[in-house]
Student: 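Here's a structure for you.
A, B, ... follow the sequence lines: proteins, then strands. Residue 1 opens every chain.
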Amino acid sequence: MSLRHYLHDLIVPALKSCTAYDNDPIQFDIPQQITHGDFSTNIALLLAKKAKTNPRALAQSIVDALALDTAVLQKVEIAGPGFINFFFKPEFLGESILAVLQDGSFFGKSEKHKGERANVEFVSANPTGPLTVGHGRNSVFGDTVASLLEAVGYDVDREYYFNNAGRQMRVLGDSTRLRYLQLLGQTVEFPETYYQGGYISEIAQTLVDEFGSTLTEEPAEGKFKDQAEKQIFDDIKRTLKRLGIEHKNFFNENSLYEEGKIKGLLEHFKTEGLSYEKDGAVWLKLSELGNDHDRVIVKSTGEPTYRLPDIAYHVTKFERGYDLIVDIFGSDHKDAYPDVIAALKSLGYPVDKIQVLIHQFVTIIMNGEVVKMSTRKANYVTLDELVDEVGTDVTRYFFNMRSISSHMNFDLDLAKKQSDENPVFYLQYAHARICSIIRVTQEAGLQAESEDLHLLVSPEEQALIKKILLFPDIVLQSAESFETHKITGYLQELAEAFHKFYTFCRILGTEQKLAQARLSLALACKTVIRNGLSLLGVSAPDKM
RNA sequence: GCCCCCGUAGCUCAGUGGAUAGAGCAUCGGCCUCCGAAGCCGUGUGCGCAGGUUCGACUCCUGCCGGGGGCACCA
């Protein structure tokens, strides 16, 4: 049980005894000043209005009603306008480290959402070219959100939605065909609007190697498209695997047509009076569902627009029984989802189970200039190239350390040149340092013992202990708010607390009982760093 | 014109309506006969502007200014 839970359970009976408390959330802050206690709550300030009394008086009656255990809490005081500040007993905090050592790799996880199933859809790039640095943010963030959800008990399916039909893919096939013909020595014009990337020629070369010149009459949508799709998809999966990302499901949009989902949906909209025909196209009456404009769902050519399969796709997510449906999009997709959600709502689905997470774009800076990226124009930096330059750990850490609502600058030159100064090394160094301490102290015949953890009362020890005990709260908050950067921020603070502990609290040369307790604390810290980095998909090396 | 995101230290960014707004990098200055100096300690007159909401606003609301993205019978 985290310290916050302890305080919550302590204060609720007191609140009920002296206010009209009806399960409002109770906030426990960690004050910036240590003189304001380990935790602080503003509950008296919030409830004073309802109770028609002044906050300090209410705080006093709450404190008077607390069933205090003096072995756990040293002091509870009222401060300022009516804050209630809690001071834990240092010896109790020291002994709490035992739970971390016992839980090991489970520490930080919980079973709050056990029995619930979640679908996290991310990447979902169509197989028209290699993943770019821009896809990196989506990929890494999505995978980490999935890991966080698993850590709080969800059964998570990672899913990749793709479309291997339509105009984009026809152009891809024809681009490959033209490169093939060029490789055979024919002079053909290669349109500017076609895929310009060098990978197209590589695919064409494999066709030359395998089939020679026998494909000159082959249609673009035959072998050319198939081969391009296969090679590109293999490439995408290989890139993702380098980042430790593996999807359980690859959902092909085409299966929605094959299984009649599209047709059924169209008929449903028609019979419900939610669609109509105009100018030879079928429109969805989104204006009646609370959105601004009606939208075309079937073009006058008879081809559906992306909205129709997107709706059908989300219907399958509900049909597959997920309790939580997470969609991770770049900001260019933000105009699409309100239409999809409105349509799903009209179909009677509980759309509050859907969480749409939109990340802002990554701005790539190369040679001091902003690079505008386009797969078609091939002026991108691939995700593979980024991993080549800075490695998996730095890539994953970097994309996770910023809030997704912020635009992100990615200075490639800086990332390459100063990778030694990347914050991820600060954490890994702390971990490697602890591993080294364990090696050296073992050689000196010292073992970690949990008998005397109450001896850990110095400021540096207490600061580190409090950080460590906070980890389960951070994991839960990060998971439920879908914010991976809370983990990276926390780990920075944890590593800082450790490095200070290391500097001021020596183990070797200290009285044996205290030395054993300190070694236990170092071990607990190692456990949390490792667990935290593991959530992020970053390695925790024993040596660097 | 409409919609979304952003504006916090020289730079990159944190900051669930709480008490004296933080970190990393950069600058300058200290600390290794002692468990890893990839570390520690010190060093800074910063919340775009103007109103409003309230006990309290970087945080919520309105307007303005500035930057990014999106507004197709493309996906």
Side-chain angles (χ1 to χ4, degrees), chain A residues 25 27-29 31-33 35-36 40-42 45-46 48-49 54-55 79-83 85 124-126 128 162-163 166-169 253 278-283 292-293 295-307 309-310 330-336 338 358-361 363 370 401-411 414 418 420-430 432-444 446 477 480-481 483 485-486 488-489 492-493 495-496 498-500 502-510 515 518-519 522 543-544:
Chain A
Q27 181 177 320
F28 290 101
D29 289 319
Q32 288 176 3
Q33 286 198 74
T35 55
H36 290 150
S40 172
T41 182
N42 61 353
L45 289 154
L46 297 178
K49 290 168 198 163
N54 80 68
F83 294 107
N85 297 337
S124 294
N126 286 338
T128 57
F162 69 100
N163 170 12
R167 193 186 60 82
Q168 275 187 336
M169 296 302 290
E253 179 185 319
K278 191 179 93 179
D279 306 332
V282 181
W283 295 67
D292 290 343
H293 303 288
R295 300 286 185 184
V296 171
I297 50 175
V298 181
K299 296 186 256 182
S300 53
T301 61
E303 267 184 306
T305 66
Y306 70 91
R307 285 187 184 82
D310 262 15
S331 62
D332 54 337
H333 278 62
K334 71 169 179 51
D335 278 332
I358 295 183
H359 61 84
Q360 298 300 311
F361 276 169
T363 303
V370 172
M401 70 185 288
R402 302 272 152 79
S403 159
I404 57 164
S405 62
S406 288
H407 292 274
M408 188 172 142
N409 280 327
F410 202 126
D411 189 327
L414 206 66
Q418 301 197 339
D420 279 5
E421 289 163 8
N422 192 297
V424 68
F425 289 101
Y426 185 71
L427 303 181
Q428 293 181 321
Y429 179 66
R433 213 176 199 187
I434 296 172
C435 291
S436 172
I437 291 172
I438 292 167
R439 286 192 295 269
V440 173
T441 51
Q442 266 180 354
E443 283 167 19
L446 195 68
Q477 285 170 12
E480 292 188 336
S481 63
E483 292 177 302
H485 71 280
K486 287 189 171 163
T488 59
Q492 285 297 311
E493 292 173 7
E496 184 184 356
F498 169 74
H499 284 307
K500 283 184 186 171
Y502 173 87
T503 304
F504 292 101
C505 305
R506 312 298 286 185
I507 293 175
L508 289 181
T510 302
R518 283 179 174 171
L519 189 53
K543 288 182 182 175
M544 295 174 67

Student: Just compare B/G18, B/U20, B/C40 and give me whichever is closest to any side-chain atom of A/Gln33.
Tutor: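 Taking heavy atoms from C-beta onward, the closest nucleotide is B/U20.
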
Student: NA contact type, A/Asn42, heavy-atom cut-off 4.0 Å: base, sugar-phosphate, or nothing?
Tutor: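 Contact class for A/Asn42: base.
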
Student: Quick one: look up who B/U43 pairs with, Watson-Crick or G-U, both distances under 3.5 Å, and put none if it's unpaired.
Tutor: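 WC or wobble partner does not exist here.
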
Student: Does A/Phe162 reach a base, just sugar-phosphate, or nothing at all? Heavy atoms under 4.0 Å.
Tutor: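 No contact at all - A/Phe162 keeps every heavy atom at 4.0 Å or more from the nucleic acid.
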
Student: Starting from C1' on B/U59, measure out to CD on A/Glu483 and report it in whole angstrom.
Tutor: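 Result: 14 Å.
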
Student: With both distances kept under 3.5 Å, what pairs with B/C71, Watson-Crick or G-U wobble?
Tutor: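 Checking every strand shown, B/C71 finds its partner in B/G1, with both distances under 3.5 Å.
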
Student: From B/C13, B/C35, B/G18, pick the nucleotide closest to the side chain of A/Leu508?
Tutor: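 The nucleotide sitting nearest to the side chain is B/C35.
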
Student: Between B/A19 and B/C60, how far is it from one P atom to the other, in whole Å?
Tutor: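 Pairwise P distance, B/A19 against B/C60, rounds to 16 Å.
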
Student: Just the rounded figure in Å: distance from C1' of B/C73 to CZ of A/Arg307.
Tutor: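 Spelled out: CZ on A/Arg307 to C1' on B/C73 is 10 Å.
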
Student: So A/Leu45, base contact, sugar-phosphate only, or nothing? Heavy-atom distance under 4.0 Å.
Tutor: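 Base, at least one base heavy atom under 4.0 Å.
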
Student: Counting only side-chain heavy atoms from C-beta out, which of B/G15, B/G36, B/C5 sits nearest to A/His485?
Tutor: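 Ranking B/G15, B/G36, B/C5 by closest atom to the A/His485 side chain puts B/G15 first.
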
Student: Looking at A/Arg433, I'd like to know whether one of its side-chain N or O atoms comes within less than 4.0 Å of OP1 or OP2 on B/A37.
Tutor: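 Yes, within the criterion.
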
Student: Could A/Arg433 and A/Tyr502 be counted as a cation-pi pair, given that NZ or CZ must be under 6.0 Å from the ring centre and within 45° of the axis?
Tutor: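 So A/Arg433 does make the cation-pi contact.
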
Student: Could you grab the distance from atom CD1 of A/Ile404 to atom NE2 of A/His485, nearest 0.5 Å is fine?
Tutor: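 If we round to the nearest 0.5 Å, A/Ile404:CD1 and A/His485:NE2 are 9.5 Å apart.
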
Student: Suppose we define a pair by two distances each less than 3.5 Å, Watson-Crick or G-U wobble; what does B/C49 pair with here?
Tutor: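 Partner of B/C49: B/G63.
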
Student: With heavy atoms under 4.0 Å as the rule, sort A/Glu253 into base, sugar-phosphate or nothing.
Tutor: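 It contacts sugar-phosphate atoms only.
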
Student: By nearest atom, which of the nucleotides B/C5, B/C40, B/A19 is closest to the A/Gln360 side chain?
Tutor: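 Looking only at side-chain atoms, A/Gln360 lies closest to B/C5.
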
Student: State which of B/C35, B/C40, B/A14 makes the closest approach to the side chain of A/Val440.
Tutor: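 So the nucleotide nearest the side chain must be B/C35.
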
Student: Starting at CZ of A/Phe498 and ending at P of B/C40, how long is that distance when rounded to a whole Å?
Tutor: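 Atom CZ in A/Phe498 sits about 11 Å away from atom P in B/C40.
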
Student: Nearest of B/A72, B/C41, B/G36 to any side-chain atom of A/Arg439?
Tutor: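 For the A/Arg439 side chain, the nearest candidate turns out to be B/G36.
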
Student: Return the minimal non-hydrogen interatomic distance between A/Ile434 and A/Ala522, and the atom names on each side.
Tutor: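 Here A/Ile434 and A/Ala522 meet closest at CG2-O, 3.5 Å.
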
Student: Let's see if you can work this out: which of B/A72, B/U12, B/U20 has an atom nearest to the side-chain heavy atoms of A/Arg402?
Tutor: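 Of the options given, the side chain of A/Arg402 lies nearest B/U12.
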
Student: Please name the nucleotide paired to B/U33 by Watson-Crick or G-U wobble geometry with both distances under 3.5 Å, or report none.
Tutor: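 The answer is none; no pair meets the criterion.
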
Student: At under 4.0 Å between heavy atoms, what does A/His36 touch on the DNA or RNA strands: base, sugar-phosphate, or nothing?
Tutor: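 Base, at least one base atom sits under 4.0 Å.
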
Student: Have a look at A/Met408 and say if it touches a base, only the backbone sugar-phosphate, or nothing, with a 4.0 Å heavy-atom cut-off.
Tutor: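 Sugar-phosphate contact only.
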
Student: I want to verify a distance call: between B/A72, B/A75, B/G36, whose nearest atom is closest to the A/Asn126 side chain?
Tutor: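 The answer is B/A75, which lies nearest to the side chain.
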
Student: Assess whether one donor atom and one acceptor atom, taken from the side chain of A/Ser40 and the base of B/A19, lie less than 3.5 Å apart.
Tutor: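 Donor-acceptor pair under 3.5 Å: yes.
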
Student: Can you find a side chain N or O atom of A/Tyr502 that sits less than 4.0 Å from OP1 or OP2 on B/A37?
Tutor: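 Checking B/A37 against A/Tyr502, a side-chain N or O does come within under 4.0 Å of OP1 or OP2.
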
Student: Is there a Watson-Crick or G-U wobble partner for B/G24 with both distances under 3.5 Å, and if so, which one is it?
Tutor: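 Partner of B/G24: B/C11.
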
Student: In whole angstroms, how far is the C1' atom of B/G39 from the CG atom of A/Leu427?
Tutor: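 It is 13 Å, rounded to the nearest whole Å.
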
Student: To the closest 0.5 Å, what do you measure between NE2 (A/His407) and CD (A/Gln360)?
Tutor: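 The CD atom of A/Gln360 is 4.5 Å from NE2 of A/His407, to the nearest 0.5 Å.
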
Student: Give a yes/no answer on whether the side chain of A/Gln27 brings an N or O atom under 4.0 Å of OP1 or OP2 in B/G18.
Tutor: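 It does, given that an N or O in the side chain of A/Gln27 lies less than 4.0 Å from OP1 or OP2 of B/G18.
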
Student: Are A/Phe361 and the base of B/G69 stacked, counting only ring centres nearer than 5.5 Å and planes tilted under 30°?
Tutor: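 Stack criterion not met.
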
Student: So, is A/Thr503 close to the B/C40 phosphate, meaning a side-chain N or O under 4.0 Å from OP1 or OP2?
Tutor: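 Checking B/C40 against A/Thr503, no side-chain N or O comes under 4.0 Å of OP1 or OP2.
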
Student: Is there side-chain contact between A/Leu446 and A/Ile507, with at least one heavy-atom pair below 4.5 Å?
Tutor: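 The answer is yes; the side chains approach within 4.5 Å.
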
Student: Can you tell me the distance, in whole Å, between the NE2 atom of A/His359 and the C1' atom of B/G70?
Tutor: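 About 14 Å, once rounded to whole Å.
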
Student: B/G15, OP1 or OP2 - any side-chain N/O from A/Lys486 closer than 4.0 Å?
Tutor: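 It does not, given that no N or O in the side chain of A/Lys486 lies less than 4.0 Å from OP1 or OP2 of B/G15.
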
Student: Where the side chain of A/Tyr429 is concerned, which of B/A37, B/G18, B/U20 is the nearest nucleotide?
Tutor: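 Minimum distance to the A/Tyr429 side chain belongs to B/A37.
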
Student: Which heavy atom of A/Ala430 sits nearest to which heavy atom of A/Ala495, and what is that distance?
Tutor: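 A/Ala430 and A/Ala495 have their closest heavy atoms at CB-CB, 4.2 Å.
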
Student: Has the side chain of A/Gln32 got a donor or acceptor that lies under 3.5 Å from a partner of the other kind on the base of B/U20?
Tutor: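 By the distance-only test, no, there is no pair.
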
Student: Closer than 4.0 Å, any side-chain N/O of A/Ser406 to the OP1 or OP2 of B/A14?
Tutor: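 Checking B/A14 against A/Ser406, a side-chain N or O does come within under 4.0 Å of OP1 or OP2.
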
Student: Does the distance from a Lys or Arg side-chain N to an Asp or Glu carboxylate O, for A/Glu443 and A/Arg439, drop under 4.0 Å?
Tutor: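 Not counted as a salt bridge, because no side-chain N and carboxylate O are separated by less than 4.0 Å.
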
Student: Quiz question: going by heavy-atom distance under 3.5 Å, is there a donor-acceptor pair between the base of B/C4 and the side chain of A/Ser331?
Tutor: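 Under the 3.5 Å cut-off, the side chain and the base do not form any donor-acceptor pair.
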
Student: On a whole-Å scale, what distance lies between the P atoms belonging to B/U33 and B/A26?
Tutor: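 To the nearest whole Å, 25 Å.
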
Student: If you measure from OG1 on A/Thr363 to CE on A/Met408, what distance do you get to the nearest 0.5 Å?
Tutor: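 So the OG1 of A/Thr363 and the CE of A/Met408 are separated by 9.5 Å.
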
Student: Let me spell it out: for each of A/Pro304 and A/Tyr426, pick the nucleotide of RNA chain B with the closest heavy atom. Which residue's pick is nearer the 5' end?
Tutor: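 Looking at the nearest nucleotide for each, A/Tyr426 comes out on the 5' side.
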
Student: Among B/G36, B/G18, B/A75, find the nucleotide with the atom closest to the side chain of A/Met544.
Tutor: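 Out of B/G36, B/G18, B/A75, the nucleotide with an atom closest to A/Met544's side chain is B/G36.
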
Student: With a non-hydrogen cut-off below 4.0 angstrom, is A/Arg167 in contact with a base, only sugar-phosphate, or nothing?
Tutor: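 Result for A/Arg167 = sugar-phosphate.
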
Student: Now, which nucleotide makes the Watson-Crick or G-U wobble pair with B/A38, with each of the two distances under 3.5 Å?
Tutor: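 None - no nucleotide pairs with B/A38, as no candidate has both distances under 3.5 Å.
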
Student: Whole angstrom is fine here: how far is it from CD1 in A/Ile437 over to C1' in B/C35?
Tutor: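 Atom-to-atom, A/Ile437 to B/C35, this comes out as 6 Å.
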
Student: If you define the side chain from C-beta out and look only at heavy atoms, does anything of A/Val298 sit under 4.5 Å from A/Glu303?
Tutor: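 No; the side chains remain at least 4.5 Å from each other.
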
Student: Who does B/G56 pair with, Watson-Crick or G-U, both distances under 3.5 Å?
Tutor: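 Across any shown strand, B/G56 pairs with none.
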
Student: If you assign each of A/Asn85 and A/Tyr306 to its closest nucleotide in RNA chain B, which residue comes earlier from the 5' end?
Tutor: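 Per heavy-atom nearest nucleotide, the more 5' residue is A/Asn85.
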
Student: With a non-hydrogen cut-off below 4.0 angstrom, is A/Ala522 in contact with a base, only sugar-phosphate, or nothing?
Tutor: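 Nothing, no nucleic acid heavy atom in range.
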
Student: Using the C1' atom on both, measure B/U62 against B/U53 and round to a whole Å.
Tutor: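 The same atom, C1', in both gives a distance of 11 Å.
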
Student: Can you tell me if the side-chain N/O atoms of A/Lys278 get under 4.0 Å from OP1 or OP2 in B/C73?
Tutor: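 Negative; the distance criterion is not met.
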
Student: Looking only at atom C1', what distance separates B/C35 and B/A9, rounded to whole Å?
Tutor: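 Roughly 36 Å separates the two C1' atoms.
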
Student: What distance, rounded to whole Å, do you find between the two C1' atoms, one in B/C4 and one in B/G42?
Tutor: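 44 Å, rounded to whole Å.
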
Student: Please work out whether the ring planes of A/Tyr426 and A/His499 are parallel, tilted or perpendicular, with thresholds of 30° and 60°.
Tutor: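 Answer is tilted, since the angle falls between 30° and 60°.
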
Student: Using atom P in both nucleotides, what's the gap between B/G51 and B/U45 to the nearest angstrom?
Tutor: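 Straight-line distance between the two P atoms is 26 Å.
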
Student: Given the structure, check if the side chain of A/His407 and the base of B/C6 hold any donor-acceptor pair shorter than 3.5 Å.
Tutor: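 No.
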
